[in-house]
Number of protein chains: 2
Amino acid sequence: MKKPQEKEEKTVTPLQLDDKDLAILRLLQENARITVREISDKIHLSATPVHERIRRMEESGVIRQYAALVDHTKVKKGLMVICYVSLKQHNKNAGTRFIKAIQQMNEVIECYNISGEFDFMLKVVAENMDAYYDFHVNTLSQVENMGHMQSVFVMGIIKQTHQLVY
Amino acid sequence: MKKPQEKEEKTVTPLQLDDKDLAILRLLQENARITVREISDKIHLSATPVHERIRRMEESGVIRQYAALVDHTKVKKGLMVICYVSLKQHNKNAGTRFIKAIQQMNEVIECYNISGEFDFMLKVVAENMDAYYDFHVNTLSQVENMGHMQSVFVMGIIKQTHQLVY
DNA sequence: ACTGAAAGACACAGACT
DNA sequence: AGTCTGTGTCTTTCAGT
């Protein structure tokens, strides 16, 4: 029985992943440029079903993107800062405008809505402290409805992975 | 003139990236499976130099990895938590052992050494609150030398990108 | 669902400008 | 540092099991 207010899922199939799908995902997470042949050799399957499984996972959105990950220190983005932000007002429009502004800022590579004292957590990258200060003062703090802000500086990267399937 | 205590850089070439390299990086960040041909068409260069530039950026570590990015909600990792940790003691050995322990935890996908009240910030993913509670109580808090811990829950993802070059 | 074959596209290396 | 050309390998489709 289904409650009347329940909407139909847009994704027609929730896509149940089996062990072979997960094995393929493990390999693709590690190296997105691995060939279908190589995968099919490793998981003891021929190329066609591997290809088909990958296509299905792409279509269903299990695989969001294939991305080249760049070393931030080597492209003049050596400084990483975690920045906490609270808004003055919490009505829907104010929130929406804040989100739109954040999404357009190239320096902000991640932004989450969080529980606790602050409303948002941002991960910001900049060339150095001067560049971050400039961003903080002239861009971020200028956003309409901005309340408190607090910066926490990343002094070292201990671990950084995208391996959600293991 | 060089100070005597300065060590020689291991990376022989600091690798100066020009506009064409950056254009290639932009495309590869967006789609790691783009073909060399497609890149060469878009940046008005033939395949060979594009191929050579990519190879150099891979070798020099500018391109760290090609990764398939997986939708965490579709692989039973719907809950994301930011977890702050401080250690009881701050000697070198204690820190090293903590780091080793963290690096082996699959639930921890990021870990940074940070400024401020806490020593580390962890990004943790779990299937649900029960699974996170289990991880928090039975794994993370059991690490030797663990001091204070604080969890901040991610309620919504506003932005998530890996585009450091833009 | 999977296998195997076959066509077309691609990566990669070489000779040259 | 770049273009052009060729070879071997890969993706991708299709008929068959």
Side-chain angles (χ1 to χ4, degrees), chain A residues 9 11-71 74-76 162-166, chain B residues 9 11-71 74-76 162-166:
Chain A
E9 278 292 325
T11 48
V12 186
T13 33
L15 198 62
Q16 199 58 33
L17 302 169
D18 64 15
D19 288 351
K20 283 170 187 170
D21 291 319
L22 295 176
I24 293 170
L25 278 181
R26 269 188 284 273
L27 293 168
L28 283 172
Q29 280 182 132
E30 194 61 35
N31 176 19
R33 293 203 126 182
I34 190 173
T35 63
V36 171
R37 263 176 116 95
E38 233 175 310
I39 296 173
S40 62
D41 286 350
K42 290 195 186 187
I43 68 171
H44 305 294
L45 218 64
S46 67
T48 312
V50 171
H51 195 265
E52 181 61 17
R53 281 162 181 273
I54 293 173
R55 200 197 54 76
R56 270 204 302 267
M57 292 195 284
E58 286 168 358
E59 288 230 329
S60 63
V62 173
I63 296 173
R64 272 175 35 218
Q65 194 188 357
Y66 298 103
L69 304 181
V70 169
D71 184 331
K74 295 187 176 164
V75 289
K76 300 188 192 295
H162 303 85
Q163 197 152 334
L164 298 178
V165 180
Y166 43 86
Chain B
E9 276 292 322
T11 49
V12 186
T13 34
L15 197 65
Q16 198 59 33
L17 301 169
D18 64 15
D19 289 351
K20 284 170 187 169
D21 291 319
L22 294 176
I24 293 170
L25 278 181
R26 268 188 285 272
L27 293 168
L28 284 173
Q29 279 182 133
E30 195 60 35
N31 176 19
R33 293 203 125 183
I34 190 172
T35 63
V36 171
R37 269 171 108 98
E38 235 175 307
I39 296 173
S40 62
D41 285 351
K42 292 196 185 186
I43 68 171
H44 304 296
L45 217 64
S46 67
T48 313
V50 171
H51 197 266
E52 180 61 16
R53 283 161 180 272
I54 292 173
R55 200 197 55 75
R56 272 204 300 268
M57 292 195 284
E58 287 169 357
E59 288 229 329
S60 63
V62 172
I63 296 172
R64 271 175 35 219
Q65 195 188 355
Y66 297 104
L69 304 181
V70 169
D71 185 330
K74 294 185 177 165
V75 290
K76 301 188 191 293
H162 303 85
Q163 198 151 333
L164 298 178
V165 179
Y166 44 86

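Please read these numbers as outputs of a predicted model, since none were measured by experiment.
- Of the possible polar contacts, none joining the A:Asp41 side chain to the A:Glu38 backbone as a donor-acceptor pair under 3.5 Å is found.
- Rounded to whole angstrom, the span from the CZ atom of B:Arg37 across to the C1' atom of D:dT9 amounts to 14 Å.
- The separation between B:Ile39 atom CD1 and C:dC12 atom C1' is 14 Å, rounded to whole Å.
- Close to D:dT11, at under 4.0 Å from its OP1 or OP2, lies no side-chain N or O of A:His51.
- Under the 4.5 Å side-chain criterion, counting only non-hydrogen atoms from C-beta, A:Met57 is not in contact with B:Val70.
- Spacing between atom CG of B:Asp41 and atom P of D:dT3 amounts to 11 Å, rounded to whole angstrom units.
- Between the CD1 atom of A:Ile34 and the P atom of C:dC10 there is a distance of 21 Å, given to the nearest Å.
- Rounded to whole angstrom, the span from the CD1 atom of A:Ile54 across to the P atom of C:dC2 amounts to 13 Å.
- If you measure from atom CG of A:Leu45 to atom C1' of C:dG4, you get 13 Å, rounded to the nearest angstrom.
- Checking the phosphate oxygens (OP1, OP2) of D:dA1, no side-chain nitrogen or oxygen of B:Arg53 falls inside 4.0 Å.
- Checked by distance alone, B:Thr48 brings a side-chain donor or acceptor within 3.5 Å of a matching partner on the base of D:dC4.
- Within 6.0 Å of atom CZ in A:Arg37, 12 or fewer heavy atoms from other residues, nucleotides or ligands are found, so the atom counts as exposed in its surroundings.
- Each of B:Pro49 and A:Ala47 has a nearest nucleotide on DNA chain D; the 5'-most of these lies closest to B:Pro49.
- Summarising the geometry, the separation between CG on A:Asn31 and P on D:dC10 is reported as 14 Å, rounded to the nearest angstrom.
- For B:Lys20 and D:dA1, the shortest distance from a side-chain N or O to OP1 or OP2 is not below 4.0 Å.
- Among the heavy atoms of the strands, none lies under 4.0 Å from B:Arg55.
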Run A:Arg26 and A:Glu30 through salt bridge (charged side-chain N to carboxylate O under 4.0 Å, His left out) and show every step you take. CA-CA 6 Å; A:Arg26 269 188 284 273; A:Glu30 194 61 35; over 6 Å; no
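- At whole-Å resolution of the value, CD in A:Gln16 and P in C:dA1 are 12 Å apart.
- Nucleic acid contact class of B:Arg33 (heavy atoms, under 4.0 Å, all strands): none.
- Rounded to the nearest 0.5 angstrom, A:Ile39 CD1 and A:Leu45 CG are separated by 10.5 Å.
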